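Before any comments, here is the structure.
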Amino acid sequence: MYKNLRLADNEVAQALDLEIQRQRHHLELIASENYASVAVMQAMGSHFTNKYAEGYPGRRYYGGCMHVDTLEDIARNRAKELFGAEHANVQPHSGAQANMSIYLAMLKPRDVVMGLDLAHGGHLTHGHPLNSSGLLYDFKGYQVKKDTERLDMDEVRAKAKEINPKMIVVGASAYPRIFDFKAFRDICDEVDALMMVDMAHIAGLVATGHHPSPVPFADFVTTTTHKTLRGPRGGLVLCKEKYAKEIDRAVFPGIQGGPLMHVIAAKAVSFGEALKPDFKAYQDQVIRNATALANSLQEKGWRIVSGGTDNHLLLVDVFANGMLGSEAEKALDKAGITVNKNGIPFDPNPPLKPSGIRLGSPAVTTRGLKEPEMKQVGTWIDEALRNRTDEAVLDKIYKEVEQLTEKYPIPE
Ligand code: DSN
């Protein structure tokens, strides 16, 4: 696929070769990553790269937009069909920009907004003090309950009544349970707040009905397109038709200039893939695999935050077994298993040396792993973490991981 790049620029090609080797031979358990199909990657590396197209189909600031107009309409229509949405904007370059466009369209600086605390599974763009969301708006965090490590809707309601937000942001980067979107809608109605759902992590599961959809309940839904949805890196906004003009204006010219038409092409391809029946089977396996991994680790004495998972990810409290998430991440890297350290709710440790690791099944499921292999992955994780300073054990696991990955190729 990259023959011409190799001829043109060997330095970059060599870095790419090494990355392809890494992707082939490591087990990718980062919950927000996936392997896009060759068709998605080809669309992203296509001649659409060359076109400027500020504006929207039929209303561009440049000539020569007839074919990108067709393309953007295909992408918007597929996104609407996939999620049953009234309006779609496929131009956000990322999830962060998708979120920012909603805030820009609907809020004024210092407006009060509620979002799930980052330390409880939320996201930087849901009000972290160093992110523009936290700098511009007065975000108040809500949290999971200490004993269950799950959201308690009575607590969320009480908090909403206390602070009277203009908007409630729902969604997470590290929450392994189902969101009750109807309960959030009811609370928003009770306090007269707008409801925004950032479904980035679960978008693929929502597309196939494996997680309830926020679309009927929320005023605005944002997502990335590269996580469980398995498309190119990028963002997407869905909203009710009555907000379409304000949202489109916020994306362009509000926060972006020219759209990345090559990425929009790849989004269109991935939405087309997600509309096919085998995507449903894939999401089904994503959940089965996350559950199998959680069970395998639980059986070996690892504490899983909230007791398990309903979706594609799980949080393991490695501190309960005497190590930091950062130490666990490093040891697993040496064993060929890629994860990220992650805070857990009410974490006694700091963010760079937190108590947990986050594991996800989307990428390995794309490769074809099923429950028996996930059980084996759990065994390797257990062995690597218990022998985290023993290079010989980590090296032995690395070789076993490599053998397994040979049997499950990545798309290329
Ligand atoms: N940082 C991404 C994740 O890993 O969940 C979300 O932006």
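FYI, the numbering just counts along the sequence from 1. Values in this document were obtained by computation on a predicted structure and should not be read as measured data. Counting starts at 1 for both ligands and their atoms, following the listed order.
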From E33, Q285, R230, residue fulfilling side-chain hydrogen bond (donor to acceptor under 3.5 Å, both in side chains) relative to T366: R230

What residue and heavy atom of the protein are closest to [atom], and at what distance?
| atom | answer |
| --- | --- |
| atom 5 (O) of ligand 1 | H201 NE2, 2.7 Å |
| atom 6 (C) of ligand 1 | H123 NE2, 3.4 Å |
| atom 3 (C) of ligand 1 | S32 OG, 3.3 Å |

Contacting atoms of ligand 1, where contact means under 4.0 angstrom from a heavy atom of S173: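 Within the 4.0 Å cut-off of S173, ligand 1 contributes 5 (O), 6 (C).
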
Ligand 1 atoms in contact with K227 (distance to a heavy atom under 4.0 Å):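 Counting from 1, the qualifying ligand atoms are 6 (C).
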
Near-ring test Y398/H25, centroid separation under 6.0 angstrom: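 Ring centroids of H25 and Y398 are no less than 6.0 Å from each other.
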
Gap between atom CG of L229 and atom CG of L82 - 0.5 Å precision: 6.5 Å

Side-chain heavy-atom pair E149, L315 within 4.5 angstrom cut-off: no

Side chain to side chain, L297 and K300, heavy atoms closer than 4.5 Å: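 Contact flag for L297/K300 side chains = no.
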
For ligand 1, the portion of R358 having any non-hydrogen atom under 4.0 Å away: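 Answer for R358: side chain.
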
